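Per chain, numbering begins at 1; letters A, B, ... match sequence-line order. All of these numbers come straight from a predicted model, not from anything done at the bench.
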Amino acid sequence: MSDPDTPDLVQLSVSERLAAEALVVDVDGFEGPLDLLLNMARTQKVDLRRISILQLARQYLSFVEKAKALRIELAADYLVMAAWLAFLKSRLLLPPDPTEEGPSGEDLAAHLAFQLERLQAMRDSAARLMARDQLGRDFFARGFPEKMEQVRRVKYTATLLDLMQGYARIRTRDEFRPFVMDRDKVFTMEQALDRMRGMIGFAGQWTDIQSYLPEGWAEDPVRWRSATAATFAASLELVKEGKAELKQSGTFEPILLRRKESRDE
Amino acid sequence: MSDTPEITPGEEGAPRESLFEAPVMGEQERMVEAILFASAEPVTVKELNDRMPHGCDAAEALAHLRKRYEGRGVHVVRVGDAWAIRTAPDLGFLMQRETVETRKLSRAAIETLAIIAYHQPVTRAEIEEIRGVSVSRGTVDQLLEMEWIRFGRRRMTPGRPVTFVVTQEFLDHFGLESARDLPGLADLRAAGLLESRPSPLGAPQTGEGDVDADEGMDEGQSELFED
Amino acid sequence: MSDTPEITPGEEGAPRESLFEAPVMGEQERMVEAILFASAEPVTVKELNDRMPHGCDAAEALAHLRKRYEGRGVHVVRVGDAWAIRTAPDLGFLMQRETVETRKLSRAAIETLAIIAYHQPVTRAEIEEIRGVSVSRGTVDQLLEMEWIRFGRRRMTPGRPVTFVVTQEFLDHFGLESARDLPGLADLRAAGLLESRPSPLGAPQTGEGDVDADEGMDEGQSELFED
């Protein structure tokens with residue numbers, strides 16, 4: 001790219017190099033080529049609507065040349081913009097070719113001017129927005145909001161059908177065997193508790209709760225299960241009452257029980 | 001606290017106008033209002049004075065503000081030795097949102113209820129006997145709380161256990177004239193609610209195999225109609 | 001237990017007035033006052049009506065209340081379609097203690113926010129077209145997280161890109177009654193700076209070129225002024 005506006009690379013003075021470097025370092029502060037163009041446009045110190053796009057294109061291209069001279073990597077979009085501006089510049093400088101299709105150089109320039117003006121307008125709007133009174137800084141919400149108390153009420157309901165089915169369920173289950181059979185295989189927690197209350201006084205040593213099962217309940221698996229469950233539940237109850245302690249050394253290990261020494265006694 | 005506002009000359013809306021002249025009382029009242037509103041905690045008069053421009057009388061401004069909020073939806077109230085704005089007590093109901101959630105009764109509750117309905121008056125031990133599992137306290141409490149069951153007469157047996165009967169609310173809810181209108185087992189079977197397998201004991205009776213329940217059945221029914 | 005709890009708003013706790021006679025307007029104003037005071041967030045007229053007893057006219061009560069608080073230390077302000085009580089901005093100097101240090105927004109975030117506010121609903125591609133640079137995910141995420149922007153309707157163009165709009169929180173934060181009250185909006189529109197202008201062929205496509213970016217822009221603006 002040989003442009004009359006671009007200073008000869010070899011003739012760059014130290015101060016020029018520094019200035020260029022400063023500019024380049026500043027690139028980091030720019031949000032893309034459009035932002036850079038907008039900043040360059042401001043140096044023209046005219047209304048954005050009267051900006052010289054041609055001059056702006058020259059400024060930008062000269063900046064890119066300097067950056068290249070300093071072997072500074074520019075992001076691709078800066079280079080794309082440079083290429084486009086070079087194209088635009090040629091369009092603006094050459095007399096329009098009537099055979100050429102597409103938008104004229106003026107159209108393209110006008111659109112770029114519009115983009116710059118729009119970006120500037122958004123910047124100004126952003127600044128005005130941030131300058132407004134803000135919640136939590138200039139005006140305030142209630143400092144002690146009272147929470148809406150959620151009162152949740154659960155209403156239970158059942159239909160007659162539920163009731164009848166429930167009853168039917170029980171009766172059907174019972175039709176094939178008398179009630180007494182049930183009782184036979186169920187060792188209630190109350191029974192277990194009664195039993196254990198009587199025995200706990202003698203349990204000074206850690207003892208497997210299995211040994212507290214009533215006589216004759218360990219053989220039949222159904223009875224064993226019921227008695228074990230009841231005995232375990234009763235043991236928990238005793239612990240809760242502060243009369244016993246339970247321990248288990250690991251999962252599925254025997255559960256050991258012993259009397260809790262009470263200081264009152 | 002003085003009730004008469006001490007009007008000091010000063011320009012409205014310009015509280016920092018002068019270092020030496022305090023804002024007018026109306027302005028001071030606005031300030032107290034804003035501070036109390038925005039504070040997360042009650043504010044003492046001293047704090048108010050510290051935050052307001054020099055020469056302000058927070059106590060007096062507060063008195064005015066308090067008066068202004070009398071009878072309003074929020075009040076200026078004293079909390080310890082500090083002040084806060086709080087909802088008027090009579091409007092507390094606006095701060096609650098009640099939601100009613102309808103849930104089906106648990107299976108245990110339905111079964112317990114059914115047993116009470118069919119066998120009333122019935123003791124807890126009898127219910128357990130019929131269900132084959134123990135009845136949790138929570139289940140009975142829930143039914144009592146719903147007012148679907150209530151305590152009946154004590155059973156005249158050793159231990160004098162309490163009995164349970166169903167209530168009028170129960171009958172109303174299920175659209176029954178009386179507990180006697182509950183469909184019998186035969187009806188249940190006819191309705192396909194029971195497996196129609198012949199019972200080894202012949203026609204099933206309610207409360208079969210439960211001597212106590214049968215015994216008390218008539219008494220129970222009559223008791224239900226006493227009230 | 002049923003898995004679909006049926007939530008019905010409870011009527012209990014409502015004042016013992018009649019169910020059919022609404023409280024007098026003075027009472028309704030007190031209620032609106034209490035509800036708005038109690039909430040840090042804006043409350044819609046619908047919510048007010050839902051919380052007030054049957055037959056109340058929250059909108060009218062609000063109008064009265066708004067008038068009552070004119071010139072006071074706190075104001076009744078409109079935020080979109082909701083209402084809130086906020087301290088008067090001229091008293092902000094009293095509130096340093098309440099100020100919460102907010103995260104500093106980056107320049108990119110502030111610009112993106114402004115573009116969304118003025119051009120909403122706007123697609124990411126349109127934002128990029130305006131700023132001439134791609135919008136980082138973090139910027140949008142930050143604004144979403146602050147709840148100042150949210151997703152709007154998808155644009156009915158190929159690819160159905162999502163759009164962004166500003167939220168009630170945004171309006172609340174900047175003390176705006178609606179997006180229409182954005183500063184300088186009318187001037188920007190008059191200057192044609194909010195309208196879409198298709199870029200002539202050959203102009204460099206900034207951001208990730210979304211061909212349809214410009215399309216639907218007018219629809220967007222009209223949506224903004226619909227409400």
Contact class of C:A84 relative to chain A, heavy atoms under 4.5 angstrom
neither
Cationic N near anionic O, under 4.0 Å, C:R86 to A:D133:
no
Given heavy-atom pairs under 4.5 angstrom as the criterion, report whether the side chain, backbone, both or neither of C:A88 touches chain A.
backbone
Would you find more than 12 non-hydrogen atoms of other residues, nucleotides or ligands less than 6.0 Å from C:E177 atom CD?
yes
Quick one: pull up CG in A:L54 and CZ in A:R58 and give me the separation to the nearest 0.5 Å.
4.0 Å
C:I115 portion near chain A, given a 4.5 angstrom heavy-atom threshold
both
Given C:H173, which partner from the list A:R132, A:Q134, A:R137 fulfils the side chain to side chain donor-acceptor pair (under 3.5 Å) test?
A:Q134
